[in-house]
There are 2 protein chains.
Amino acid sequence: MKTLSIKDIAVEAGVSITTVSFIINGKARDKSISEAVIKKVEKIIAESGYKPNQIARSLRTGNSNIIGLIIEDISNSFFSRIARLIEDKAYKKGYKIIYSSTENNVEKAKELINMFKSRKVDGYIISPIKGLEEDIQQLLADGKPVILFDRSLPGLETNYVGADHFKATYESIESFIKQGKKKISLVTTDIDVEQITARLDGYKKALEDHDIVYDENLVLKVHFNQEENETKAQMEELFRTVETDAVLFATNYLAISGLKVLKQTNVKVGKNLSVIAYDDHEVFELHTPGISAVQQPLEEIAEAIIQLILRQLSSKTKLDNEQIVFPAKIIQR
Amino acid sequence: MKTLSIKDIAVEAGVSITTVSFIINGKARDKSISEAVIKKVEKIIAESGYKPNQIARSLRTGNSNIIGLIIEDISNSFFSRIARLIEDKAYKKGYKIIYSSTENNVEKAKELINMFKSRKVDGYIISPIKGLEEDIQQLLADGKPVILFDRSLPGLETNYVGADHFKATYESIESFIKQGKKKISLVTTDIDVEQITARLDGYKKALEDHDIVYDENLVLKVHFNQEENETKAQMEELFRTVETDAVLFATNYLAISGLKVLKQTNVKVGKNLSVIAYDDHEVFELHTPGISAVQQPLEEIAEAIIQLILRQLSSKTKLDNEQIVFPAKIIQR
DNA sequence: ATTGGATAGTAAAACGTTTTACTTATTAAC
DNA sequence: GTTAATAAGTAAAACGTTTTACTATCCAAT
């Protein structure tokens, strides 16, 4: 069964292709097509089940009603939840989302951007990584709306939506200190991206403001892309060799690995050792004892992203960049 | 900066568009283009950074090098992990994946299929839901490769990759019985899809084979799309009103909700009550005590899906349908 | 009875490729 | 020295839309 084209509809209705196109695109009234013709053509379209070929449409118009979403890792619940929310909201406005993971690999990220470019996506939502500055700059130069989220890249003038990582970390550490903890550890990664460095800065500043001297032995930076087993080994060593009474994990997957390690040891989480994780996860709620977590307002973040990008897409002129930063909250468990 | 087209390259090289196209597509030797010209054009392409417009390409050729992946819910870790694996593997073969969630909503699923259709995706990987039979049939009639996974739809002749849900459930229940459990509960959902009904069948058969009489009060079917709070309330009622010594949760999100409920009660999971969850999740590993889980071989499933679809894509003739069923394993914790 | 503005509609170019069928020049074979 | 095959390359159609610029008719106003 050959798929129908606009031409088939035109022939069937005995009108020109142009007329059908106007009707499909709701421009019929503007272009003074009679009600009778509109009705007839609409009827034929409905009965035949004709659907415009989006590829041809994109080729002609240069846009696609698709927004490209580039994230770190779809299997991380923070990202998959954001993705789901964004998808939902975009869908309601007639946009489709296509998403893909970078796995913090610059080459893959660049290829994704190129793929999206050649598919003529209308806008980009990106949780960026270092090394993408030029490519993103290029997108902006092409006049494409770009929203960065979760993390921003220094030196890049663009829209950004995220949470206040510095403050959240600061407050987490402060809450440890108020509990009387002195030897506070930070487990983070070595990705050089603002959202991660802000967490280290918040950690340092909180210590400093409470006259605790920064001890780099208490900080573990694991290499981003390494195997979980290696990460666990490093953590195991940290907990074995360094005395700590509290630990902040800078991402939820680090916290999960850490909890696995701690489960094997005789450290009593919650008694000997207080734990806070960054980005909430079901694991933390169900863990015995419950694990406190920094929770970013996913719903608000997703909403802000969508608002921002839709506004850009519908505006003919370049709008001013906006930086929207939400406070994160600490769920004490 | 206007984006380059094949024409620009042709002009720059002083050759025809055709020649450039042949070179881009690796057909130059076949079409007897001289080495000198090939080199020259390739150089210009490399230096200019020209990338073919995929939209135009798709319009002309009718395919897209894109595979559409339709799943239930990207924020469920089972699906996000499968998605990630499929994406990785497809990527290595030069295919891109675009995925989207149905949320078990037939209308949304149909729209997704239509969207993918109008974007001319080359093949479909679908975890189907009831009500999609006709649409899938239509895809098959159009000659598009379709792989169903996780669940199949009765009456639909197509490729399928999944795990042996009946057997896994049967063995789970059997393991409860071997531990001396008698009042074994099943918490499942009311989605009418083979993968779910197989779990109920496995449950019933295991009881029967061990001379335990089936008691429908022990089976809770929660409505798929309801709020988690309502689900929890139903579970709370089940555990309060019915005496059980073991429970099998038919999906991981049900198990997670169930564990949250149990945490509030004085039921001692692992002592008073044995628990097995379907589809493993980090929560279960970290839970105290560890929660046993049925683990599907995600890697193998993803690999089989990709193999199957790539084989279909590269074959000119319609291949025989294959049904690949992997055993699932029970992780005892 | 001419002008001018609606009204109703259409022809054809354009978007950027791929591919078929064609041309022209060169070489090989007899 | 003709013929046939090969080498090297190209013109133009086609994919399915959108959109610009155009035509033709009708009516109202002068």
Side-chain angles (χ1 to χ4, degrees), chain A residues 2-42 45 48-66 114-115 117-122 142, chain B residues 2-42 45 48-66 114-115 117-122 142:
Chain A
K2 214 32 216 68
T3 71
L4 294 166
S5 80
I6 196 170
K7 191 172 169 192
D8 300 314
I9 304 296
V11 169
E12 168 105 14
V15 299
S16 74
I17 289 181
T18 309
T19 302
V20 177
S21 175
F22 285 154
I23 293 171
I24 290 170
N25 293 290
K27 300 189 178 162
R29 268 107 194 158
D30 282 8
K31 300 289 180 171
S32 62
I33 304 295
S34 68
E35 286 303 319
V37 170
I38 295 180
K39 283 278 162 301
K40 177 167 65 171
V41 171
E42 280 176 344
I45 289 178
S48 66
Y50 162 74
K51 296 269 188 278
N53 178 325
Q54 299 295 341
I55 301 270
R57 217 175 223 188
S58 289
L59 179 60
R60 175 59 228 226
T61 63
N63 47 46
S64 57
N65 270 3
I66 291 185
N114 274 328
M115 161 194 167
K117 232 190 222 174
S118 58
R119 303 271 167 211
K120 304 290 177 210
V121 308
D122 295 346
D142 293 349
Chain B
K2 212 37 214 63
T3 70
L4 295 166
S5 80
I6 196 171
K7 191 172 170 193
D8 300 313
I9 304 296
V11 169
E12 168 104 15
V15 299
S16 74
I17 289 180
T18 310
T19 302
V20 177
S21 175
F22 285 154
I23 293 172
I24 291 171
N25 293 290
K27 299 188 179 163
R29 268 107 195 158
D30 281 7
K31 299 289 179 172
S32 61
I33 305 296
S34 68
E35 286 302 320
V37 170
I38 295 180
K39 282 279 163 299
K40 177 167 65 170
V41 171
E42 280 176 344
I45 289 177
S48 65
Y50 162 74
K51 295 269 188 277
N53 178 325
Q54 299 296 339
I55 301 270
R57 218 175 223 188
S58 288
L59 178 60
R60 175 60 227 228
T61 62
N63 48 45
S64 58
N65 269 3
I66 291 185
N114 273 328
M115 162 195 168
K117 234 190 221 172
S118 58
R119 303 270 166 210
K120 304 289 178 211
V121 308
D122 295 346
D142 293 348

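The sequence lines fix the lettering, A, B, ..., with proteins before strands; numbering per chain opens at 1. Keep in mind it's a predicted model, so treat the numbers as computed, not measured.
Residue order along DNA chain D, read from the 5' end via each residue's closest nucleotide, puts V37(B) first among N53(A) and V37(B).
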Can I get a per-line list of side-chain donor-acceptor pairs under 3.5 Å for residues 8-15 of chain A, giving both atom names and the distance, sequence neighbours left out?
from  : atom 1 : to    : atom 2 : distance (Å)
D8(A) : OD2    : S5(A) : N      : 2.8

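The C1' atoms of five pairs define one axis at each end of the helix from dA1(C)-dT30(D) to dC30(C)-dG1(D), and these two axes lie 60° apart (to 10°).
Using a 4.0 Å cut-off, some side-chain N or O of Y50(A) falls inside it from OP1 or OP2 of dT17(D). Side-chain nitrogen and oxygen atoms of S5(B) include none within less than 4.0 Å of the OP1 or OP2 phosphate oxygen of dG16(C).
For the segment residues 6-15 of chain B, residues with any heavy atom less than 4.0 angstrom from an atom of DNA chain D are, sorted by number, V15(B).
In this structure, R29(B) places its CZ atom 12 Å from P of dG9(D), rounding to the nearest Å. One interatomic measurement links the two molecules: CG of N65(B) to P of dT17(C), which rounds to 16 Å at whole-angstrom precision.
Taken from OG in S58(A) to CD in Q54(B), the straight-line distance is 12.5 Å, to the nearest 0.5 Å.
The stretch residues 50-60 of chain B participates, sequence neighbours left out, in no salt bridge (Lys or Arg N to Asp or Glu O under 4.0 Å) pair at all.
Residues that satisfy the side chain to side chain contact (heavy atoms under 4.5 Å, CB included) test with D122(A), not counting sequence neighbours, are N63(A), S64(A), N65(A), Y95(A), L313(A).
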Using a 4.0 Å heavy-atom cut-off to protein, can you give one letter per nucleotide of nucleotides 19-27 of chain C, 5' to 3': B if the base is in contact, S if only the sugar-phosphate is, - if neither?
BB-------
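Residue contacts for T19(B): at a heavy-atom cut-off of 4.0 Å it reaches a base atom on one of the strands shown.
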